[in-house]
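Encoded as structure tokens, the structure appears first; notes follow it.
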Amino acid sequence: MSRTVSVAICDDDETLLSIIAGVVQGTFAKEEVEIETFPSAKKLWRRMGEKGVDLLFLDIDMPEVDGIQLGMKLRSERRNVDIVYVSEREDRVFESFKVHPFGFVRKRNFLKDIRAVIKLWLDNRSAEPADKFVIEGSKGSIAVGADEIVYIESMKKIQLVHLTGTENAFEASSSLEKFAEELSGQGFLQPHKSFLVNYLFIRHIGDAAITLTTGEEIPVSRRRLTALREEYMRLMQRKTPLG
């Protein structure tokens, strides 16, 4: 790896901070790594305003601002950082999914989990980078990966591109047919003539609607339902879990 990997660790237990830092340092033995520790989300937030971080190990239960709140704030500002939650709160794993973390390390199984997630992160980092799609709109353009697009909604001449980590959709000038062509093979399903949906964000496919991991519902055309379920199952079978 050509450049130093920047790692931040945030936990309100300062004793545990040094333990996590030592294990992370040892696991990155063959890589150039810079590790910084923070006892609060507020101190980490101030630091990230000055310099980016590649990989963030983040506790969930912390006073004032907890790890999920901080993760949501980072995503809302489109901060490009991979987040790994390190927590004993396994009951909040599903809640953390809205942040789209890279992984979850259980404190009761700390050594095994953290080594596995770092190995996976390094493997992913050495792989070819994902293609970016440039989306043109009336207010400019953005470059995003396919995995950042939750769904696209057609509003006649304008397409609303709903992205991870932000409540406001990006207004694109391209047609839905053009998006379907560009995203072909990237795991996007068309349950209705006015929607393209990323299968990674589907929680449930009902008879009349798809429920997303965001809680939103997308209508399903009855004539597309059987083929939609079959394609979703095919995509799920090829999916490689993160850990």
Side-chain angles (χ1 to χ4, degrees), residues 1 3-49 51-127 129-130 145 147-148 164-165 200-201 213 239-243:
M1 193 173 297
R3 72 175 182 85
T4 300
V5 177
S6 177
V7 176
I9 305 167
C10 184
D11 196 305
D12 61 320
D13 184 336
E14 297 199 39
T15 301
L16 189 58
L17 268 181
S18 61
I19 294 173
I20 296 174
V23 174
V24 171
Q25 181 73 63
T27 309
F28 274 95
K30 296 181 180 180
E31 313 293 337
E32 292 283 340
V33 61
E34 175 187 36
I35 299 173
E36 295 179 86
T37 59
F38 302 87
S40 72
K42 286 186 176 181
K43 290 185 177 181
L44 171 64
W45 179 256
R46 286 197 294 269
R47 159 65 177 75
M48 292 192 70
K51 182 182 177 184
V53 171
D54 298 311
L55 182 61
L56 170 59
F57 292 92
L58 186 59
D59 189 18
I60 289 181
D61 277 343
M62 294 186 290
E64 297 183 351
V65 179
D66 72 19
I68 293 177
Q69 290 172 325
L70 177 61
M72 291 295 290
K73 188 170 179 62
L74 290 169
R75 295 298 183 236
S76 70
E77 297 201 358
R78 300 185 64 77
R79 299 295 183 92
N80 187 24
V81 55
D82 288 320
I83 297 172
V84 175
Y85 283 111
V86 182
S87 179
E88 58 192 10
R89 291 294 304 273
E90 295 180 40
D91 59 309
R92 297 188 71 185
V93 170
F94 290 105
E95 184 184 353
S96 76
F97 285 175
K98 57 190 175 184
V99 178
H100 300 285
F102 184 82
F104 191 97
V105 172
R106 301 162 293 178
K107 286 186 176 178
R108 66 179 176 85
N109 204 28
F110 175 72
L111 289 177
K112 180 179 178 181
D113 284 0
I114 200 165
R115 287 168 178 161
V117 80
I118 290 175
K119 181 182 184 302
L120 182 60
W121 187 83
L122 288 170
D123 288 345
N124 282 11
R125 186 176 173 83
S126 62
D147 59 351
E148 297 177 78
T164 58
L200 292 171
F201 298 94
T213 56
K239 180 180 178 183
T240 302
L242 292 181

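Note that these values count all heavy atoms, side chains included, but never hydrogens, waters or copies made by symmetry.
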- Is the closest side-chain heavy-atom distance between F28 and L55 below 4.5 Å? yes
- Query: Do the charged groups of R92 and D66 touch, with an N to O distance under 4.0 Å?
  - Reply: yes
- Query: Shortest non-hydrogen contact from M62 to G67?
  - Reply: CE-N, 3.9 Å
- Query: Can you tell if the side chain of I114 reaches within under 4.5 Å of the side chain of I20, non-hydrogen atoms only?
  - Reply: yes
- From CD (E64) to CG (L70), nearest 0.5 Å: 12.5 Å
- Item | Pairwise side-chain contact, V84 with W121, heavy-atom cut-off 4.5 Å (strictly under) | no
- Query: Is the backbone of R106 close enough, under 3.5 Å, to the side chain of D113 for a donor and an acceptor to pair up by distance?
  - Reply: yes
- Item | side-chain hydrogen bond (donor to acceptor under 3.5 Å, both in side chains) partners for R47, two or more places apart | E36
- Message: Using 0.5 Å steps for rounding, measure from the CG atom of D147 to the OG1 atom of T164.
- Response: 7.5 Å
- Message: With rounding to the nearest 0.5 angstrom, report the CD1 to CG distance, I68 to D61.
- Response: 8.5 Å
- Message: Just to verify, what does R46 make a side-chain hydrogen bond (donor to acceptor under 3.5 Å, both in side chains) with, not counting sequence neighbours?
- Response: none
- State, with a plain yes or no, whether a side-chain heavy atom of K107 is found less than 4.5 Å away from one of L16. yes
- Query: How far does CD1 of I9 sit from CZ of F38, to the nearest 0.5 angstrom?
  - Reply: 9.5 Å
- Note on the structure: When rounded to the nearest 0.5 Å, the distance separating CG of L17 from CD1 of I35 is 11.5 Å
